[in-house]
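Here's the structure, in structure tokens; my notes come after.
Lettering of chains follows the sequences in order, A, B, ..., and the numbering in each one begins at 1. Just so it is clear, the model here is predicted, and its values are computed rather than measured.
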Amino acid sequence: MTVRVRFAPSPTGHPHIGNIRTVVFNWLFARQNNGKFILRIEDTDRTRYVEDAVKVITDSLTWLGLDWDEGPDKGGPYGPYTQSKRLDIYREKAEELVAKGLAYRCNCKPERLEKIREENLAKGLNPMYDRHCRDLPPDAVAPNEPHVIRLKVPLEGTTTVHDELKGDVTFDNTQINDQILLKTDGFPTYHLAVVVDDHMMDITHIIRADEWLPSTPKHVMLYEAFGWEPPIFIHVPLVLGQDGKKLSKRHGAVSIADFHRQGYLPEAVFNFLSLLGWSPGEGDEQEIFTREELIERFDIERVNLAPAVFAYDKLDWMNGVHIRNMSEEDLLHKLIPVWQEVGFISTPVQAEMLRKLEKLVPLVQERLKTVRDVIPLTDFVFTDIEMLPAEELIGKKMTVEQSIEALQKTQALLATLVNFDDKEMEQPMRDLATELGLKAGQLFTIVRNAVTAKTVTPPLFGLLEVIGRETTLRRLEQAEETLKSLLDSQAEVTD
RNA sequence: GCCCCCAUCGUCUAGUCUGGUCUAGGACACAGGCCUUUCAAGCCUGGUACAUGGGUUCAAAUCCCGUUGGGGGCACCA
């Protein structure tokens with residue numbers, strides 16, 4: 001039997017990492033079993049529909065490399081894959097249950113329902129429908145008057161859900177509501193639609209979040225009512241926010257699009273998500289996985305039962321590892337759009353600039369946690385700098401005069417270098433430091449501060465090469481002037 | 001309120017099913033050190049956890065029960 005799993009989001013906004021972690025599990029499971037991964041849009045709530053949500057969802061999946069075999073855009077043998085286009089099917093199925101006496105029409109007003117709900121809550125009971133319409137004569141509610149169709153839940157006994165991870169979970173039928181299957185507007189509720197579609201689309205494994213476990217007995221009842229074999233249920237734990245609560249729209253910015261925007265790599269996010277609730281175990285302590293390794297190694301049976309808190313620290317580290325593991329060329333192509341976005345370089349990239357960028361990549365590679373980090377690390381290469389205040393241009397344990405001299409000698413040296421390149425300038429600069437009676441670090445720091453206007457940068461000489469001789473010399477001179485004015489002003493004070 | 005799920009370092013987790021090799025292992029973060037032109041990266045070192053009470057057993061992080069704690073669900077939302 002071919003494994004068929006699905007991701008069935010409702011188009012109400014951006015999918016967040018909690019949803020997507022569950023998608024990762026589904027996708028991994030499908031791929032490692034040579035099965036099918038299906039995308040189905042559950043747009044049965046017209047009040048919550050968000051216009052571009054489907055596109056946001058597909059873009060997020062695509063960015064993460066979670067490709068689907070059947071879906072609204074792709075089609076497939078089980079379509080349509082958008083529930084709003086399957087309304088006739090749900091109606092027919094609901095009517096079928098009414099005909100069988102397993103469901104009934106209900107025309108109770110929302111106000112009445114709300115009243116019952118409050119009364120029950122006040123009495124400490126489950127806030128359930130009082131089944132007012134359940135035993136009305138079959139023609140009490142005319143098919144053409146506004147009404148809903150409800151499931152006739154057994155009044156006694158228990159319903160057991162077999163979950164692949166948790167084992168048997170038994171629910172008392174008296175705690176289960178006569179669930180609405182078909183709404184007044186003719187749309188199905190989630191419970192009807194999901195059961196009908198999962199069955200009709202031959203879904204073999206339902207891998208979804210724990211929040212669905214309490215409603216699963218209703219689904220089991222529906223499978224029984226239709227006379228269908230239920231799929232295998234696998235409820236995986238939720239992903240919690242830093243506050244220990246279920247992730248949701250109003251919690252931290254955790255949509256997949258945000259991760260993209262913030263400079264995380266899809267392979268790192270994918271790697272991280274797959275380890276949120278799963279680990280290889282059995283003594284294997286590997287943390288960094290490629291997509292292929294994950295497909296091979298992932299084991300749905302080993303998914304942890306406890307919910308996991310999503311924390312950025314480890315993702316940042318993991319993203320850095322993936323950046324370091326990339327080839328310089330691949331990284332370059334991740335960095336170019338970042339530089340373009342902030343206007344440092346043009347689109348398309350000029351040939352001469354491209355050569356500079358290639359030089360920059362190895363300089364920044366091991367210093368990046370996200371690709372966006374490249375901005376503050378290299379801005380002074382592309383834009384004019386604002387000279388640091390004079391005090392910060394003075395070398396460590398040095399006088400202003402000494403610092404000025406160091407800047408002058410450096411300019412003289414760099415002006416005469418035959419090739420203005422990284423390797424050729426280092427040794428002469430070290431010699432210069434010795435000549436000036438300075439430690440190399442003292443001299444380099446002065447130059448760094450003067451040319452980059454930062455006290456922390458990637459390796460200096462590589463940067464100077466990319467910045468170029470002309471700009472480097474100009475900035476050194478400006479720094480020298482700045483220090484000289486400091487000297488002058490001090491002299492005035494002394495006078 | 002009722003129902004359900006869960007429980008190992010701050011966080012992600014290994015170990016739990018198949019009790020002993022666990023004075024509990026790894027990773028992130030943190031602290032200290034080495035390296036070093038700054039920052040990173042890398043390497044070394046360190047601290048921190050089996051929620052709790054009771055069983056079962058020669059022996060329990062591992063099995064059972066209670067308690068506590070956390071989470072989820074109880075819609076004409078998914």
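Here, C6(B) and A49(B) have their P atoms 26 Å apart, quoted to the whole Å. Only the P atoms considered, U13(B) is 31 Å distant from A75(B), to the nearest whole Å. C9(B) and U56(B) have their P atoms separated by 28 Å, with the value rounded to a whole Å. A distance of about 43 Å separates the P atoms of U45(B) and U57(B), rounded to the whole Å. Taking the P atoms as reference points, G71(B) lies 48 Å from C35(B), given to the whole Å. Taking the P atoms as reference points, G19(B) lies 9 Å from C63(B), given to the whole Å. Separating the P atom of A51(B) from that of U62(B) is a span of 8 Å, rounded to the nearest Å. Across the P atoms, A14(B) and C77(B) are found 39 Å apart, a figure rounded to whole Å.
As judged by a 4.0 angstrom heavy-atom cut-off over every strand, Val309(A) is placed among residues touching the sugar-phosphate backbone only. Phe171(A) comes within contact range of the sugar-phosphate backbone alone, with a heavy-atom separation under 4.0 Å but no base atom that close. No engagement by Gly320(A) is indicated, since no non-hydrogen atom pair under 4.0 Å with the nucleic acid exists. Residue Ser279(A) is in sugar-phosphate contact alone, with no base atom involved, counting any heavy-atom pair closer than 4.0 Å across all strands shown. Among the atoms of the strands shown, only primed sugar atoms or phosphate atoms (P, OP1, OP2) are found under 4.0 Å from some heavy atom of Asp45(A). Residue contacts shown for Pro237(A) are absent, as no nucleic acid heavy atom lies under 4.0 Å away.
Between Arg302(A) and A14(B) there is a side-chain N or O to OP1 or OP2 distance below 4.0 Å. Contact annotation: Asn304(A) side-chain N/O to A14(B) OP1/OP2 distance is under 4.0 Å. In terms of phosphate contacts, Arg117(A) brings a side-chain nitrogen or oxygen within less than 4.0 Å of OP1 or OP2 of A75(B). Put simply, Thr44(A) has a side-chain N or O that comes within less than 4.0 Å of OP1 or OP2 on A78(B). Phosphate proximity of G42(B) to Arg324(A): present, with a side-chain N or O under 4.0 Å from OP1 or OP2. A close approach under 4.0 Å does not occur between any side-chain nitrogen or oxygen of Lys183(A) and OP1 or OP2 of A75(B). OP1 or OP2 of A78(B) has not a single side-chain nitrogen or oxygen of Arg48(A) nearer than 4.0 Å. The phosphate of U38(B) (OP1 or OP2) has no side-chain N or O of Thr445(A) nearer than 4.0 angstrom.
With U37(B), C6(B), C74(B) as the candidates, the nucleotide lying closest to the side chain of Phe461(A) is U37(B). In the set C76(B), A78(B), G73(B), G73(B) carries the atom at the smallest distance from any side-chain atom of Asn126(A). Closest to the side chain of Val456(A), from the set C77(B), C39(B), C28(B), is C39(B). Side-chain proximity of Arg150(A) to A29(B), C76(B), A7(B): nearest is C76(B). In the set C5(B), A78(B), A27(B), the nucleotide with an atom closest to the side chain of Val169(A) is C5(B). You'll find that the side chain of Asp210(A) is closest to C5(B), out of C2(B), C5(B), U37(B).
A 3.5 Å limit on both hydrogen-bonding distances identifies C30(B) as the Watson-Crick or G-U partner of G46(B). Base-pair partner of C63(B): G55(B) (Watson-Crick or G-U wobble, both distances under 3.5 Å). Both distances falling under 3.5 Å, in either a Watson-Crick or a G-U wobble arrangement, place U68(B) opposite A7(B). Base pairing of G1(B): its partner is C74(B), meeting the Watson-Crick or G-U wobble criterion (both donor-acceptor distances under 3.5 Å).
Residues Val303(A) and Pro237(A) are in side-chain contact: their nearest non-hydrogen atoms beyond the backbone lie under 4.5 Å apart. In this structure, His132(A) and Cys106(A) have side chains that are not in contact, with every pair of non-hydrogen atoms separated by 4.5 Å or more. Counting only heavy atoms from C-beta outward, the side chains of Val451(A) and Leu476(A) approach each other to under 4.5 Å.
Atom CH2 of Trp317(A) is separated from atom P of G42(B) by 9 Å (rounded to the nearest Å). Between the CG atom of Leu305(A) and the P atom of C4(B) there is a distance of 17 Å, given to the nearest Å. Glu285(A) has its CD atom 7 Å from the P atom of A27(B), to the nearest Å. Spacing between atom CD of Gln365(A) and atom C1' of G42(B) amounts to 14 Å, rounded to whole angstrom units. Regarding Arg448(A), its CZ atom lies at a distance of 11 Å from the C1' atom of U36(B), rounded to whole Å. Across the protein-nucleic acid pair, Asp299(A) atom CG and A14(B) atom P stand 12 Å apart, rounded to whole Å. Note: NZ (Lys218(A)) to P (C3(B)) measures 16 Å, nearest angstrom. Straight-line distance from the OH atom of Tyr190(A) to the C1' atom of A78(B): 7 Å, rounded to whole Å.
Leu335(A) approaches Val361(A) most closely through the heavy-atom pair CD2-CG2, 4.3 Å. Among all heavy-atom pairs drawn from Pro146(A) and Thr184(A), the shortest one is CB-CG2, 3.8 Å. Here the closest heavy-atom approach between residue Pro458(A) and residue Leu377(A) is recorded as CD-O, 3.7 Å. The two atoms that bring Leu39(A) and Pro72(A) nearest to each other are O-CD, 3.4 Å, heavy atoms only.
Judged by distance alone, the side chain of Asp284(A) and the main-chain N or O of Gln286(A) form a donor-acceptor pair under 3.5 Å.
Position along RNA chain B of the nearest nucleotide to Glu287(A) versus Pro280(A) favours Pro280(A) as the more 5'-ward residue. Projected onto RNA chain B by closest heavy-atom contact, Pro9(A) and Lys166(A) fall at different nucleotides, the more 5' of which corresponds to Lys166(A).
Ion pair Asp198(A)/Arg6(A) flagged as a salt bridge, since at least one NZ, NE, NH1 or NH2 atom sits closer than 4.0 Å to an Asp/Glu carboxylate oxygen.
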